[in-house]
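Order of the sequence lines sets the chain letters (A, B, ...), proteins ahead of strands, with each chain counted from 1. Source: prediction; values computed, not measured.
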Amino acid sequence: EWADSRLYSVAEDPARPKYYVLEMFPYPSGDIHMGHVRNYTIGDVLARHLTMRGFNVLHPIGWDSFGLPAENAAIKNATHPATWTYANIEKQTESFKRMGFSYDWDRKVVSSDVDYYRWGQWIFLKFWERGLVERKSSPVNWCPSCKTVLANEQVLGDGECWRCHSHVEKRELEQWYFKITEYAQELLDDLDTMTGWPERVKTMQANWIGRSEGAEVQFQVCDAAGEPRDETITVFTTRPDTLFGCSFFLLAPEHPLVREFVAGTEYEAAVNAVVAGAARETAVERSMGEREKNGAFTGRYVVNPVNGEKVPVWVSDYVLMDYGTGAVMAVPCGDQRDFEFARKYGLPIPPVVVPEDDDELLNELAGVRERLRADVPWECAYDGPGIMVQSGEFTGMPGGKASEGMRAVTEWLRERGQGDFSINFRLRDWLISRQRYWGNPIPAIHCPVCGLVPVPEKDLPVELPRDVDVTKGETLADHPEFYETTCPKCGTAARRETDTMDTFTCSSWYYIRYADARNEEAIWDKAKADYWLPVDQYIGGIEHAILHLLYSRFFTKVFRDMGICEFGEPFTNLLTQGMVKMDGEVMSKSKGNVVAPEDMIAKYGCDALRAYILFMAPPDKDLEWSYEGLDGMYRWLGRVWRLVDESAEEVAGGCGVAASGDEAAKSLHREMHRVIGKVTGDIGSFQLNTSIAAMMELTNAAYDYRKSVPAGSRDLALVRDVAQTHTLLLAPYVPHMAEELWSAVLGHEGSVHRVPWPAYDASAAAADVVQMAVQVNGKVRGKIQVEVTLAEEDVIAAALTEVASWVEGKDVKKVLVVPGKLVSVVVAG
RNA sequence: GCGGGCGUGGCGGAAUUGGUAGACGCGCCGGGUUUAGGUCCCGGUGAGGCGACUCAUGGAGGUUCGAGUCCUCUCGCCCGCACCA
């Protein structure tokens with residue numbers, strides 16, 4: 001009923017501070033589950049609370065409605081992805097309304113609506129203008145089950161597709177990319193400024209971006225006869241200080257030079273065997289931890305720039321084509337992998353950086369510049385800091401990561417044009433094209449004359465045609481009426497791109513669109529975006545720690561550089577909520593341990609469900625489902641209802657005193673203010689479980705008052721105050737019940753959700769008599785009740801009397817007083 | 001291997017950040033109202049001991065008048081990344 005009254009629609013308002021609460025928008029995959037309930041309840045409590053506190057709160061909702069599950073479900077149910085998607089959105093909308101979430105429905109966005117995705121196409125064009133779009137051929141992740149390519153971020157650690165868990169294959173394909181790597185450094189640097197994000201998420205992003213500092217080194221290539229050619233191969237290394245220890249050189253099996261080097265030589269067969277072996281191994285085997293390293297000599301040599309030595313070029317399966325340059329200088333004394341490879345194939349392992357405490361080896365090689373020893377006397381590689389030996393003019397310098405030796409060698413290379421300082425990232429460009437129907441069409445045209453041509457802005461949107469039958473396995477590539485077009489530049493017959501964009505492109509900017517969701521002229525009005533954004537509190541699952549959250553940060557930075565917003569980070573505070581589990585396992589249909597929210601709403605009402613799911617665990621921790629716990633929550637809410645109801649009746653009947661001022665009343669009044677303070681503080685720090693516990697304490701205190709003071713002599717002003725305050729405190733958590741209590745029981749006009757939050761009075765919460773513990777040598781031996789105003793010496797006197805039997809006949813060394821807490825007596829003897 | 005996190009009653013979880021460990025709830029035990037049961041109300045509930053007391057926050061040390069909290073070592077569990085040169 002609130003949704004219809006537009007109680008939660010908001011507009012920009014300079015008079016009040018703004019606050020933007022956002023939960024990650026759902027994928028419309030069917031009925032809502034407990035994870036949704038938890039996610040959206042946490043956000044709703046915060047939004048309602050802050051509204052009562054006087055903030056201008058934006059709390060929107062929408063659906064991330066493009067994507068593969070819709071196609072799979074459509075195939076299964078012999079329907080259209082759109083039918084399935086929009087039916088689920090309807091269903092989820094009803095559930096959300098039943099849960100009482102305070103959304104501004106006027107701002108709803110649905111990513112499969114053309115009003116929304118046309119701006120996604122606009123973003124694509126703008127990125128293209130800025131040089132952030134690239135179409136290139138490279139080995140990509142291909143999911144044979146989903147029949148599409150995947151981004152690196154969408155391949156799980158064990159080499160499985162993030163959606164269907166099939167083994168992902170590598171294929172060489174031409175695809176569309178967003179150049180997120182251009183922002184790698186900034187995405188990494190800004191993590192340090194994000195104090196409102198969990199350490200865990202920031203660490204995961206930093207590891208994913210994976211910055212390494214080092215150097216590029218150029219090795220001159222020798223021809224088949226062993227004579228240096230006018231051609232170089234560049235490698236990246238984090239340890240240029242070990243360059244003198246490079247005793248062989250490695251190429252990845254996929255490296256283009258491998259074929260050229262061995263074609264028609266005696267080495268071809270052995271090398272091909274290694275290449276074929278590596279190709280057979282998918283990401284699955286590659287992730288099996290310590291693996292036997294295989295390799296073969298290519299018959300070629302490269303020249304080590306620091307000493308002119310010719311080192312053999314090998315191919316090996318432990319070198320990755322997509323990191324660095326796909327070529328590696330092997331320094332077996334300082335790298336465990338190189339060490340193992342050298343041992344296996346009998347290659348030399350000359351020491352070049354020796355730990356400072358290895359006196360024997362250091363003495364032997366002290367001051368030695370040329371190679372004296374071809375092998376280390378060690379059983380494994382040493383990669384820590386140490387002294388450089390056998391290293392020409394650098395001998396004797398400190399070596400190691402970020403060492404003086406590393407800088408000196410790099411400088412030396414730079415002067416000769418054979419290398420330079422360099423930084424390498426693990427982050428790869430974001431592959432955004434998908435060979436599937438249910439997505440946002442990429443606005444590009446392949447012209448036989450002009451090549452790749454962007455769809456002109458005036459021709460947007462490229463509408464996704466409805467009449468594609470996914471149940472027959474069709475995609476846009478099966479529909480000539482879609483792809484047959486003419487080049488916007490030259491008018492020649494041309495082919496429209498038939499790939500669609502990764503759904504993560506849709507979710508990378510929706511949070512800004514909410515600021516101006518109905519804008520048909522522009523993606524958003526800049527002033528509106530800058531008013532509402534960044535999101536003050538973002539709430540969602542940890543599974544998006546890298547994917548969605550990294551992509552969104554990237555988009556925001558590009559938007560800022562485009563000048564369409566001022567902010568460079570989208571989410572100021574991030575809460576990653578825990579999962580809802582049953583018997584220690586995540587609820588899932590396949591495990592059959594799902595508790596349906598709708599069933600619980602039917603039995604207990606949504607208020608009890610909301611309060612329960614918040615009470616059972618802190619929001620960021622996993623929550624173990626318990627039906628008994630939900631029973632308990634239902635009981636408490638009944639208790640509160642009766643309390644407020646009886647109080648209202650009593651006040652209306654006038655049976656009592658106006659204001660008693662007795663000890664019981666003072667104590668209840670104090671408790672009420674303590675709880676206001678506790679609840680207010682706990683919501684702010686997301687300790688929603690303890691804020692509910694505090695409200696339970698207020699309920700208990702109110703009942704204690706009723707027990708200890710007979711009807712007729714109760715303080716009616718206080719009774720009324722407690723009933724009203726209790727109702728207001730409850731309002732964000734149990735909005736329906738609080739509304740009923742407020743209007744029907746307490747007889748107020750208007751919504752409880754528009755009443756100001758109860759003011760916390762710290763002095764009213766302060767007790768005038770406190771209990772203090774008395775410790776003797778650190779152990780609690782007694783307790784005393786004292787007036788808070790009592791002078792310290794009197795407190796000590798009272799304390800010593802209390803523990804007289806423990807102090808008697810002993811020497812009191814020291815007495816410490818922690819005001820309001822305890823007295824600590826130290827005795828000897 | 002690298003990185004992040006966690007470990008407190010029968011259970012979920014509190015603990016003002018170094019100050020009375022176990023708030024609040026569940027469960028359990030006892031009692032009451034009503035009674036056909038449930039709802040509801042009251043009391044109890046870390047372990048040991050008749051007791052004064054003693055022992056308790058994964059384990060072992062340490063700092064301190066005082067440690068769940070800080071330091072060192074150690075065990076166990078969860079999550080992320082992983083042949084990243």
Inset, instruction - Check whether any side-chain nitrogen or oxygen of A/K821 sits under 4.0 Å from OP1 or OP2 of B/rU20, and answer yes or no. - result: no

Inset, instruction - Report which part of the nucleic acid A/N777 touches: base, sugar-phosphate, or nothing (heavy-atom distance under 4.0 Å, all strands). - result: sugar-phosphate

Legend entry - Distance, rounded to the nearest Å, where A/E697 contributes CD and B/rA15 contributes C1': 12 Å

Legend entry - A/W430/A/F504 aromatic ring centres below 6.0 Å: no

Inset, instruction - Describe, in one word, how the ring planes of A/Y345 and A/F341 are oriented to each other, choosing from parallel (under 30°), tilted (30 to 60°) and perpendicular (over 60°). - result: tilted

Legend entry - Of the listed nucleotides B/rG43, B/rG3, B/rC84, the one nearest the side chain of A/Y323: B/rC84

Legend entry - Phosphate-side-chain proximity, A/N700 and B/rG25, N/O vs OP1/OP2 below 4.0 Å: yes

Inset, instruction - Only one of A/T242, A/V311, A/D335, A/N304 passes side chain to side chain contact (heavy atoms under 4.5 Å, CB included) with A/M329; say which it is. - result: A/T242

Inset, instruction - Could you please name the option among B/rC81, B/rC65, B/rG27 that lies closest to any side-chain atom of A/K814? - result: B/rC65

Legend entry - Nucleotide nearest A/W806 (side chain, heavy atoms from C-beta), chosen from B/rA15, B/rG25, B/rC53: B/rC53

Legend entry - N/O (side chain, A/R635) to phosphate O (OP1/OP2, B/rC26) under 4.0 Å: yes

Legend entry - Phosphate contact (B/rA85 OP1 or OP2) by A/S212 side-chain N/O below 4.0 Å: yes

Legend entry - Whole-Å gap separating P (B/rA15) and CG (A/D682): 8 Å

Inset, instruction - Using the six-membered ring wherever Trp is involved, compare the ring planes of A/F236 and A/Y323 and label them parallel, tilted or perpendicular (cut-offs 30° and 60°). - result: perpendicular

Legend entry - Rounded distance (Å) that lies between atom P of B/rA14 and atom CG of A/L688: 12 Å

Inset, instruction - Give a yes or no on whether a donor-acceptor pair under 3.5 Å exists between the nucleobase atoms of B/rU20, that is its base, and the side chain of A/K779. - result: no

Inset, instruction - For B/rC26 and B/rG43, measure between their P atoms and round to the nearest Å. - result: 14 Å

Inset, instruction - Would you mind reading off the distance between A/H548 atom NE2 and B/rG80 atom P, rounded to a whole angstrom? - result: 19 Å

Legend entry - Base-pairing assignment for B/rG76 (Watson-Crick or G-U wobble, both under 3.5 Å): B/rC6

Inset, instruction - Determine the interatomic distance between C1' on B/rU20 and the same-named atom on B/rG25; round to the nearest Å. - result: 23 Å

Inset, instruction - Give a yes/no answer on whether the side chain of A/R781 brings an N or O atom under 4.0 Å of OP1 or OP2 in B/rU20. - result: no

Legend entry - Nucleotide of B/rA85, B/rG25, B/rG13 approaching A/M696 most closely (side-chain heavy atoms): B/rG25

Legend entry - A/L822 side-chain proximity, nearest of B/rG5, B/rC41, B/rU20: B/rU20

Inset, instruction - For B/rG7 versus B/rG59, give the span between their P atoms, rounded off to a whole number of Å. - result: 13 Å

Inset, instruction - Specify the glycosidic conformation (syn or anti) of B/rG4, with syn defined as within 90° of 0. - result: anti

Legend entry - Residue whose closest nucleotide on RNA chain B lies nearer the 5' end, A/V818 versus A/M616: A/M616

Inset, instruction - Give a yes/no on whether any side-chain N or O of A/K783 is located under 4.0 angstrom from OP1 or OP2 of B/rU20. - result: no

Legend entry - Residue whose closest nucleotide on RNA chain B lies nearer the 5' end, A/I692 versus A/N424: A/I692

Legend entry - Chi-angle category of B/rU17 [syn within 90° of 0, anti beyond]: syn

Inset, instruction - Mind checking A/G632 for me? I need base, sugar-phosphate or nothing, with any heavy atom below 4.0 Å counting as a touch. - result: sugar-phosphate

Inset, instruction - Using modelled atom types only, decide if a donor and an acceptor are shared between the side chain of A/S316 and the backbone of A/N294 within a distance under 3.5 Å. - result: yes

Inset, instruction - Quick one: label A/T237 by what it contacts on the DNA or RNA (base, sugar-phosphate, nothing), any heavy atom closer than 4.0 Å. - result: sugar-phosphate

Inset, instruction - Take atom P in B/rU69 and the same atom in B/rG18, then report the distance between them in whole Å. - result: 11 Å

Inset, instruction - Kindly indicate whether the side chain of A/Q336 and the base of B/rG1 share any N or O donor-acceptor pair separated by less than 3.5 Å? - result: no

Legend entry - Strand partner of B/rA67, provided both Watson-Crick or wobble distances fall under 3.5 Å: none

Legend entry - Distance between C1' atoms of B/rU64 and B/rG13 (Å, rounded): 29 Å

Legend entry - Over all atoms of both residues, closest heavy-atom pair of A/V352 and A/G245: CG1-N, 3.3 Å

Legend entry - Partner of A/Y612 by ring-ring contact (aromatic ring centres under 6.0 Å, His included), out of A/Y733, A/Y634, A/W625, A/Y627: A/W625

Inset, instruction - Indicate, with a heavy-atom threshold strictly under 4.0 Å, whether A/Q205 touches base, sugar-phosphate, or nothing. - result: nothing

Inset, instruction - Could you check whether A/D622 gets within reach of a base, just the sugar-phosphate, or nothing at all, counting any heavy atom under 4.0 Å? - result: sugar-phosphate

Inset, instruction - Would you classify A/P618 as touching base, sugar-phosphate or nothing, given that sugar-phosphate means primed atoms plus P, OP1 and OP2, and contacts are heavy atoms under 4.0 Å? - result: sugar-phosphate

Legend entry - Rounded distance in Å - CZ (A/F425) to C1' (B/rA85): 16 Å

Legend entry - Side-chain donor/acceptor of A/T325 to backbone N/O of A/T234, under 3.5 Å: yes

Legend entry - Nearest-Å distance for atom pair NZ/P, residues A/K202 and B/rC81: 20 Å

Inset, instruction - May I ask you to evaluate whether A/N689 reaches the phosphate of B/rA14, defined as a side-chain N or O under 4.0 Å from OP1 or OP2? - result: yes

Legend entry - Same-atom distance (C1') from B/rG44 to B/rA52, integer angstrom: 23 Å

Inset, instruction - Decide, yes or no, whether a salt bridge links A/R674 with A/E697 under the criterion of side-chain N to carboxylate O below 4.0 Å. - result: yes

Legend entry - B/rG51 pairs with, by Watson-Crick or G-U criteria that keep both distances under 3.5 Å: none

Inset, instruction - Ignoring backbone atoms, test whether A/Q775 places a side-chain nitrogen or oxygen under 4.0 Å from the OP1 or OP2 oxygen of B/rG18. - result: no

Legend entry - Base paired to B/rG27 (Watson-Crick or G-U; both N/O distances under 3.5 angstrom): B/rU45

Legend entry - Under 4.0 angstrom between A/R200 side-chain N/O and B/rC6 OP1 or OP2: no

Legend entry - Counter-base of B/rG1, judged by Watson-Crick or G-U geometry with both distances under 3.5 Å: B/rC81

Inset, instruction - Rounded off to whole Å, could you give me the CD-to-C1' distance for the A/E216 and B/rC84 pair? - result: 16 Å

Inset, instruction - State which of B/rA23, B/rA85, B/rG3 makes the closest approach to the side chain of A/R337. - result: B/rA85

Legend entry - Whole-Å distance separating the CD1 atom of A/I546 from the C1' atom of B/rC81: 8 Å

